[in-house]
Amino acid sequence: MTQFPLRSIMVPEEGQRAIGALLAGARPDIEIVLGADAEPPASPYAVIAFNPGPVINRFADAAWVHVAGAGTDKIEAAMEFTPPLMTRTLGELGAQIAEYVLAYVLQRSQRMAARAQAQARAEWSKDATQPRYLNGQRAVIFGTGAIGQEIALRLTQFGVIVDGVSRSGDAVSPFRQVVRAADWRALEPETVDIVVLALPNRPGTRGLIGHEKLSAFRGAQLINIGRGEVLNERALIDALEAGAISEAALDVFATEPLPASSPLWSHPHVKVTPHVSGLTRPEDTVDAFLAALDALERGDTPPLLVNPGAGY
């Protein structure tokens with residue numbers, strides 16, 4: 001890559017003003033322009049945004065779009081142009097999301113709900129509250145990117161045997177094995193205890209987890225921290241009713257906020273959270289942007305480069 005001279009940085013979203021302040025302190029040589037109503041700044045300029053909606057199209061001549069989050073589907077859906085360069089932010093998301101997954105995996109394996117119920121009844125019930133330890137359980141993670149890898153690492157530290165499913169099927173640590181999506185049955189889903197969805201919203205992943213896959217499990221716990229569009233919610237309810245999935249923890253949904261009319265809110269075996277498993281901090285965005293800018297100024301390929309339309 002050729003060297004990248006940058007004169008200005010546009011931060012259009014009001015909620016991202018902290019990013020502007022951090023950038024001004026780190027790079028006083030570059031003009032920082034804040035607010036969606038501001039005129040496009042001096043070229044060449046970069047835009048840093050998370051989900052600005054159609055406003056992003058006011059800056060179609062930007063030399064670079066940096067996404068203030070790990071997922072790029074929302075901002076890409078709003079774009080009516082293809083930026084010459086696009087990067088994204090990861091920051092602490094992998095560790096945060098892995099913690100979310102562990103929280104729900106542990107509450108199930110440690111029978112926390114049964115223990116709370118026994119305490120409420122003042123009942124000394126050892127049989128109903130004994131844990132099923134994680135050591136030796138099996139997990140399958142759909143999506144073996146940075147976030148999937150972090151989840152796999154944390155689970156393996158508890159002795160869980162973790163396999164992965166990806167588009168390529170390429171081996172990656174710390175997964176025991178990785179198979180292509182077309183070969184997912186080779187992982188013997190009927191023996192799997194934990195299913196984690198860590199997939200982006202791309203044409204090849206939308207609706208990927210539907211009736212066929214969900215019905216193949218035998219009482220597995222399902223956790224979705226990727227994108228809601230990946231999971232067929234009606235198929236999940238059917239799988240819960242049939243016992244193929246024993247419980248689900250869902251942080252992402254096809255429609256967000258999740259409508260009050262959704263049966264997922266009141267289902268006894270579903271835990272709903274409002275897209276909070278991983279939160280990108282302003283400093284994460286600025287660190288990722290500056291790392292990319294440093295690479296570009298050296299003439300190198302920046303980290304976390306995005307191929308618009310492909311999600312990688």
Side-chain angles (χ1 to χ4, degrees), residues 9-27 32-36 46-53 55-56 59 62 64-79 83 85-104 143 145-151 153-154 196-202 205 223-230 249-253 256-258 273-296 302-308 311-312:
I9 302 171
M10 179 77 222
V11 184
E13 292 169 285
E14 295 297 329
Q16 303 287 357
R17 287 183 172 269
I19 291 174
L22 290 169
L23 286 169
R27 291 297 300 259
I32 311 298
V33 181
L34 303 176
V47 176
I48 300 179
F50 177 64
N51 185 18
V55 166
I56 190 65
F59 311 105
W64 173 15
V65 172
H66 180 80
V67 182
T72 64
D73 53 311
K74 299 289 193 299
I75 194 169
E76 284 188 57
M79 282 181 176
L85 177 68
M86 193 171 186
T87 54
R88 65 190 181 101
T89 302
L90 191 58
E92 297 297 318
L93 280 178
Q96 293 172 3
I97 291 174
E99 187 173 323
Y100 175 99
V101 170
L102 276 175
Y104 284 100
I147 291 174
Q149 291 169 33
E150 191 72 33
I151 297 167
L153 175 63
R154 304 305 173 90
V196 180
L197 309 183
L199 292 165
N201 175 21
R202 314 309 315 174
T205 65
I223 302 173
N224 190 7
I225 47 74
R227 281 292 184 261
E229 291 86 350
V230 168
L250 308 176
D251 189 51
V252 291
F253 303 89
E256 294 183 2
L258 183 65
T273 57
H275 208 143
V276 293
S277 60
L279 304 175
T280 305
R281 306 171 302 168
E283 52 265 44
D284 293 331
T285 298
V286 172
D287 287 347
F289 178 83
L290 292 176
L293 179 57
D294 181 62
L296 290 164
L304 297 173
L305 189 64
V306 174
N307 178 1
Y312 61 90

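The backbone N or O of Val230 lies less than 3.5 Å from no partner atom in the side chain of Thr205, so there is not a single donor-acceptor pair. In this structure, Arg88 contributes its side chain and Ala70 its backbone to a donor-acceptor pair below 3.5 Å.
A search for side-chain contact (heavy atoms from CB on, under 4.5 Å) contacts involving Val252 returns Asn224, Glu256, His275, not counting sequence neighbours. Among residues two or more places apart in sequence or in another chain, the ring pair (Phe, Tyr, Trp, His ring centres under 6.0 Å) test is passed with Phe289 by Trp64, His66. Under the salt bridge (Lys or Arg N to Asp or Glu O under 4.0 Å) criterion, Asp284 pairs with Arg281, not counting sequence neighbours. Evaluation of the side-chain hydrogen bond (donor to acceptor under 3.5 Å, both in side chains) rule for Asp73 yields Asn201, Arg227 as partners, not counting sequence neighbours. Taking the side-chain contact (heavy atoms from CB on, under 4.5 Å) definition, one finds that Leu258 meets it with Phe253, Ser262, Leu264, Trp265, Val272, sequence neighbours left out. Partners of Glu14 by side-chain hydrogen bond (donor to acceptor under 3.5 Å, both in side chains), not counting sequence neighbours, listed by chain and number: Arg17. With sequence neighbours excluded, the residues that form a side-chain contact (heavy atoms from CB on, under 4.5 Å) with Glu13 are Gln16, Ala49, Phe50, Asn51, Pro52.
The shortest side-chain heavy-atom distance between Leu197 and Ile225 does not fall under the 4.5 Å cut-off. Between Arg27 and Leu293, some side-chain heavy-atom pair lies under the 4.5 Å cut-off. Between Val47 and Ile56, some side-chain heavy-atom pair lies under the 4.5 Å cut-off.
Summarising the geometry, atom CG belonging to Leu22 is positioned 8.5 Å from atom CG belonging to Asp287; distances are rounded to the nearest 0.5 Å. Here Leu85 contributes atom CG and Leu305 contributes atom CG; the two are 6.0 Å apart, rounded to the nearest 0.5 Å. Once rounded to the nearest 0.5 Å, the distance linking CG of Leu199 with CD1 of Ile147 reads 11.0 Å.
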Just list the side-chain donor-acceptor pairs under 3.5 Å for residues 91-104, sequence neighbours left out, or say none.
unit_1 : atom_1 : unit_2 : atom_2 : d
Gln96  : OE1    : Leu279 : N      : 2.6
Gln96  : NE2    : Leu279 : O      : 3.3
Tyr100 : OH     : Thr273 : OG1    : 2.7

